[in-house]
Amino acid sequence: MGMKRLIAALSAVALLGACSAEAEPKTEPPAPSTTPTPSATATAGESLPSDTPEKAIRKWVKADSRMQNTGDSTQYLALTTGDCQPCIAWANRVAETYSAGGRAQGVELTVDSVVPFSLEEERWHMLQISSPRWTLYEESGSEPTEFDGGTQGIAVQLKRVEGRLLVRNFLLQGSAS
């Protein structure tokens, strides 16, 4: 898939989400269909997976906050596929900070919205994530860097592996890599 097409689609989804978030009156989105798709239909004796894309994404975001606050990436990486390169790179960056004696304080990421979309027959979810003010110490003894918090758009792609939905890829809105 072309990265430029993905970025363009993310921008369009984010813009539509922002416009709809400001529209009044607010209405509840339609409930997702409870009819399983043929690929999700259980065979005799099997049960359907209980996780949904939104639940899987919320668990992953919560694990990301925990990882940033503790330096422990175990739970975060357990919620990703083994080949999610941005996930591995992010976990390594957090590990490097903690290995250098650094730390983060007050990271509390919150999923404000999840909007599914398709691009070139691939299913993605556009998230709006918010966080309050938080602090980063890059290494032992370093001066703190304060972050004001705010919102960030993130596109997330999931993959079902052994009955579990795991994060396969993600891209920060506005990022070209």
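It should be emphasised that the depicted structure is a prediction, and the values quoted were computed from it without experimental measurement.
- Taken to the nearest 0.5 Å, the CD atom of Gln105 stands 12.0 Å off from the CD atom of Glu108.
- At least one side-chain heavy atom of Ile129 sits under 4.5 Å from a side-chain heavy atom of Val111.
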Q: Please step through ring-ring contact (aromatic ring centres under 6.0 Å, His included) for the pair Phe170 and Trp60, ending with a clear verdict.
A: CA-CA 11 Å; Phe170 77 88; Trp60 176 71; 5.4 Å; yes
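- With sequence neighbours left out, the side-chain contact (heavy atoms from CB on, under 4.5 Å) criterion links Gln85 to Ile88.
- The shortest non-hydrogen separation linking Glu138 to Leu136 is OE2-CD2, 3.0 Å.
- Shown here are the salt bridge (Lys or Arg N to Asp or Glu O under 4.0 Å) partners of Arg103, two or more places apart in sequence or in another chain: there are none.
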Q.
Applying side chain to side chain contact (heavy atoms under 4.5 Å, CB included) to Arg123 and Phe117, what does each step give before you reach the verdict?
A. CA-CA 6 Å; Arg123 188 74 162 165; Phe117 70 98; 6.0 Å; no
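- Note: Ile57 CD1 to Met126 CE = 11.0 Å, rounded to the nearest 0.5 Å.
- Partners of Leu77 by side-chain contact (heavy atoms from CB on, under 4.5 Å), not counting sequence neighbours, listed by chain and number: Ser73, Thr80, Ala91.
- Expressed to the nearest 0.5 Å, how far OG1 of Thr81 lies from CZ of Arg164 amounts to 11.0 Å.
- Of all heavy-atom pairs between Glu54 and Val114, the closest is CG-CG2, 4.0 Å.
- The NZ atom of Lys62 sits 12.5 Å away from atom CG of Leu109, with the distance rounded to the nearest 0.5 Å.
- Looking at every heavy atom in both residues, Tyr137 comes nearest to Pro144 through CE2-CB, 3.4 Å.
- Residue pairs meeting the disulfide bond (SG atoms under 2.5 Å apart) criterion with at least one partner in residues 86-170, sequence neighbours excluded, are Cys84-Cys87.
- Note: Asp148 CG to Arg133 CZ = 5.0 Å, rounded to the nearest 0.5 Å.
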Q | Check against side chain to side chain contact (heavy atoms under 4.5 Å, CB included), Leu158 and Val167 | A | CA-CA 5 Å; Leu158 300 172; Val167 175; 3.9 Å; yes
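- Ionic pairing of Asp83 and Arg168 is not present here: no N-O contact between side-chain nitrogen and carboxylate oxygen is shorter than 4.0 angstrom.
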Q.
Please determine whether side chain to side chain contact (heavy atoms under 4.5 Å, CB included) holds for the pair Gln128 and Gln152, giving the CA-CA distance in whole Å, both sets of side-chain angles, and the decisive distance to 0.1 Å.
A. CA-CA 6 Å; Gln128 283 298 315; Gln152 172 71 54; over 6 Å; no
Q: Take Leu166 and Lys159 through the side chain to side chain contact (heavy atoms under 4.5 Å, CB included) test and state the conclusion after the steps.
A: CA-CA 5 Å; Leu166 302 175; Lys159 179 179 182 181; 5.7 Å; no
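- In this structure, Ser99 has no side-chain contact (heavy atoms from CB on, under 4.5 Å) partners at least two apart in sequence or on a different chain.
- Distance alone, capped at 3.5 Å, is enough to place a donor-acceptor pair between the Tyr98 side chain and the Asn69 backbone.
- The main-chain N or O of Glu121 is never found under 3.5 Å from a side-chain atom of Ser118 such that the two would form a donor-acceptor pair.
- Under the side-chain contact (heavy atoms from CB on, under 4.5 Å) criterion, Thr110 pairs with Asp112, Ser130, not counting sequence neighbours.
- Although no hydrogens or angles enter the test, the distance criterion places a donor-acceptor pair under 3.5 Å between the side chain of Asp51 and the main chain of Leu165.
- Taken from OG in Ser65 to CD in Gln75, the straight-line distance is 10.5 Å, to the nearest 0.5 Å.
- Side chains of Gln68 and Asp64: a donor-acceptor N/O pair is present below 3.5 angstrom, by distance only.
- In this structure, Gly71 and Val94 approach most closely via the heavy-atom pair CA-CG1, 4.2 Å.
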